[in-house]
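Step one of this worksheet: look at the structure below.
In each ligand, atom 1 is the first atom listed, and ligand 1 is the first ligand listed. As the structure is a computational prediction, the values presented were derived from the model and not from experiment. Quick note: residue numbers are just sequence positions, from 1.
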Amino acid sequence: MPDKAAKMPDNEAGQALLAAGRWLFAQGCEFKKGVVSLEALPPADRLEIAFAGRSNVGKSSLINAITKRKGLARTSNTPGRTQELNFFLLAANNAGAEAIEGAGWLVDLPGYGYARESKSKIAAWNRLLNAYLQGRPNLRRVFVLVDSRHGLKANDMTMLADLDKAAVSYQIVLTKIDKLKRGALETVMAQTQDALRKRAAAHPQVLATSSEKGEGVDALRAAIASLVDLPALGYKAELNDTQAG
Ligand code: GDP
């Protein structure tokens, strides 16, 4: 089954990270702010992790799946409406979350590549996105979602080039793998990894997910947890002393 590719390495450190990811997302996650201009961005005083992807890639569904909150990110948004950067506070129910060293922001970037969008809107979106990517020192990683049925498209490649240029670390997350035929996941995985090989800011691990079936959702939580200052939130890893092994 495709599930194999979605899993973290099957060792104790990988298991510890999966547990940490589950813990982190049991701490709640709350929508705080929708932003349409750079002036309105919250202070860059904490870790930030963003999600990008073509419209309809399944970004809202995946954010809802990792946070276990069905209505948190709005699914099937009408393309072409006001494009916002949506800020969600990670571990919002944790007493340390509002503190500077607490969890951080999950940022839902507007979907790109909607065919019927006007040129001026696309240009405005690109300006906002590039200014955001270049001016956000606390942005630790952008998860770029790619529909597993289609693989990387031209506008995804533009996104990756923008990220390389801004020197922002990014990781590809394949979506909707439940829609793939048997064997197709291995092919798209290999093609995607190949396309990333020479890209400066790309994380080599490609995640494979299905919001519908839950595959890879824990692995994505774990990838996020690996970036968060968990001890600052009071997390004590159960398998802490096994990580060296
Ligand atoms: P967004 O525009 O990127 O936020 O995409 P949405 O989350 O709104 O999803 C777009 C469409 O794809 C919706 O009809 C979802 O039901 C569907 N979808 C999203 N994730 C999955 C998935 O993992 N599997 C399947 N089969 N459909 C999905």
Subject >> Identity of the nearest option to atom 18 (N) of ligand 1, non-hydrogen atoms only, from K59, K176, E215 >> reply: K176
**OP:** Give me the ring orientation class for Y112 and W125: parallel if the planes are under 30° apart, tilted from 30 to 60°, perpendicular past 60°.
**Re:** tilted
Subject >> Reference residue I172; test side-chain contact (heavy atoms from CB on, under 4.5 Å); the match among D156, L160, L207 >> reply: L160
**OP:** Take every heavy atom of V57, measure it against each atom of ligand 1, and state whether any distance is under 4.0 Å.
**Re:** yes
Original post:
Out of R136, R141, R140, which one pairs with E48 under the side-chain contact (heavy atoms from CB on, under 4.5 Å) rule?
Top reply: R136
Subject >> Set of residues satisfying side chain to side chain donor-acceptor pair (under 3.5 Å) with respect to S210, sequence neighbours excluded >> reply: D178
Original post:
Where's the contact between K179 and ligand 1, heavy-atom distance under 4.0 Å: side chain, backbone, both or neither?
Top reply: side chain
Original post:
Are Y170 and D164 linked by a side-chain donor-acceptor pair shorter than 3.5 Å?
Top reply: yes
**OP:** Can you sort out which atoms of ligand 1 are near N56, meaning under 4.0 Å from one of its heavy atoms?
**Re:** 1 (P), 2 (O), 3 (O), 5 (O), 10 (C), 11 (C)
Subject >> Residue S210 vicinity, atoms of ligand 1 by number, heavy atom under 4.0 Å >> reply: 23 (O)
**OP:** May I ask you to decide if the ring planes of W23 and Y235 are parallel, tilted or perpendicular, using 30° and 60° as cut-offs?
**Re:** tilted
Original post:
With a 4.0 Å heavy-atom cut-off (strictly under), which part of D178 contacts ligand 1: side chain, backbone, both or neither?
Top reply: side chain
Subject >> A52, G53, S61: member with heavy atom nearest to atom 20 (N) of ligand 1 >> reply: S61
